[in-house]
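For the numbers below, each heavy atom of this structure counts, side chains included, while hydrogens, waters and symmetry mates do not. None of these values were measured; they are calculated from a predicted model.
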Amino acid sequence: MVFQQFELIAKRLDLLTQTVPHIACIVLLYDAASVDQLDSVKRAASTLDIPLEAIELHSPPYDYEHALAGTDGARGDVLVMASTPFMHTAKLTEAALRHRLPSICGRRANAEAGCLLSYGPNFRDMFRLAADYVDKILKGAKPADLPVQQPTTFELVVNLKTAKALGLTIPPLILARADEVIE
């Protein structure tokens, strides 16, 4: 299974620019496990002509408050969370809210934890695909003969609680496109 993080970064930034007016700076938090996403974010930010501040986190547990100390959502900063297994989403979204940073991430669970938006593969569908592969292998198929699968279903989740806390009104087009709206 391929998660397509690189291809999805541009789409996430596009959704964020449609949702948050007047973005002054994109703040990316990443770590050693997600450093490979940095170039994709740089390219997408450059295409949008929005400055990027990339902040590398070292040695979990991460100090999100310290990492976000120079950011300010009131100034027009927004947060992009790199996809990595080492970030504690709830603590990060709490810090983002204290800095009034609208945020986007790649998993539904992140939006449930407080990200403003999430856009990424539907993991339930991916797990079903994986189960089909296990079934085929158990029935004798050789793994090397099975094609590489990519996600086919992507979901947009909007957290209205976070939007309200940030004083943002989500555009009707984004709400209409959302697969789920957390109220």
Is it true that a side-chain atom of [X] and a backbone atom of [Y] form a donor plus acceptor pair closer than 3.5 Å?
{"X": "Ser46", "Y": "Lys42", "value": "no"}
{"X": "Arg107", "Y": "Gly120", "value": "no"}
{"X": "Ser103", "Y": "Leu79", "value": "no"}

Scan for salt bridge (charged side-chain N to carboxylate O under 4.0 Å, His left out) pairs involving [range], sequence neighbours excluded, and state none if there are none.
{"range": "residues 52-67", "value": "Glu65-Arg98"}
{"range": "residues 151-176", "value": "Arg108-Glu155"}
{"range": "residues 18-31", "value": "none"}
{"range": "residues 130-149", "value": "Asp135-Lys139"}

Which residues share a side chain to side chain contact (heavy atoms under 4.5 Å, CB included) with [X], sequence neighbours left out:
{"X": "Pro60", "answer": "Tyr62, Phe86"}
{"X": "Leu175", "answer": "Val158, Leu160, Ile170, Val181"}
{"X": "Pro172", "answer": "none"}

Sorted by chain and residue number, the side-chain hydrogen bond (donor to acceptor under 3.5 Å, both in side chains) partners of Thr153 (sequence neighbours excluded) come out as Asp125
(Q) Thr89: which residues meet the side-chain hydrogen bond (donor to acceptor under 3.5 Å, both in side chains) condition with it, sequence neighbours left out? (A)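 Only Asn110 meet the side-chain hydrogen bond (donor to acceptor under 3.5 Å, both in side chains) criterion with Thr89.
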State, with a plain yes or no, whether a side-chain heavy atom of [X] is found less than 4.5 Å away from one of [Y].
{"X": "Leu57", "Y": "Tyr64", "value": "yes"}
{"X": "Tyr119", "Y": "Lys11", "value": "yes"}
{"X": "Leu166", "Y": "Arg100", "value": "yes"}

Problem - Separation of Leu28 CG from Ile9 CD1 (nearest 0.5 Å) - result: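 Going from the CD1 atom of Ile9 to the CG atom of Leu28 covers 7.5 Å.
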In this structure, SG of Cys105 is separated from CG of Asn159 (nearest 0.5 Å) by 9.5 Å
Under 3.5 Å donor-acceptor pairs involving side-chain atoms of residues 13-25, not counting sequence neighbours:
| unit_1 | atom_1 | unit_2 | atom_2 | d |
| --- | --- | --- | --- | --- |
| Asp14 | OD2 | Gln18 | NE2 | 2.8 |
| Thr17 | OG1 | Leu13 | O | 3.4 |
| Thr17 | OG1 | Asp14 | O | 2.8 |
| Gln18 | OE1 | Arg177 | NH1 | 3.3 |
| Thr19 | OG1 | Leu15 | O | 2.7 |

**Q.** Derivation and outcome, side chain to side chain contact (heavy atoms under 4.5 Å, CB included), residues Leu116 and Ile104
**A.** CA-CA 6 Å; Leu116 176 64; Ile104 191 161; over 6 Å; no
| query | Using a side-chain heavy atom cutoff under 4.5 Å and only I, L, V, M, F, W and Y, what cluster partners does Val157 have? | reply |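 Grouped by the 4.5 Å side-chain rule, Ile182 form the rest of the cluster around Val157.
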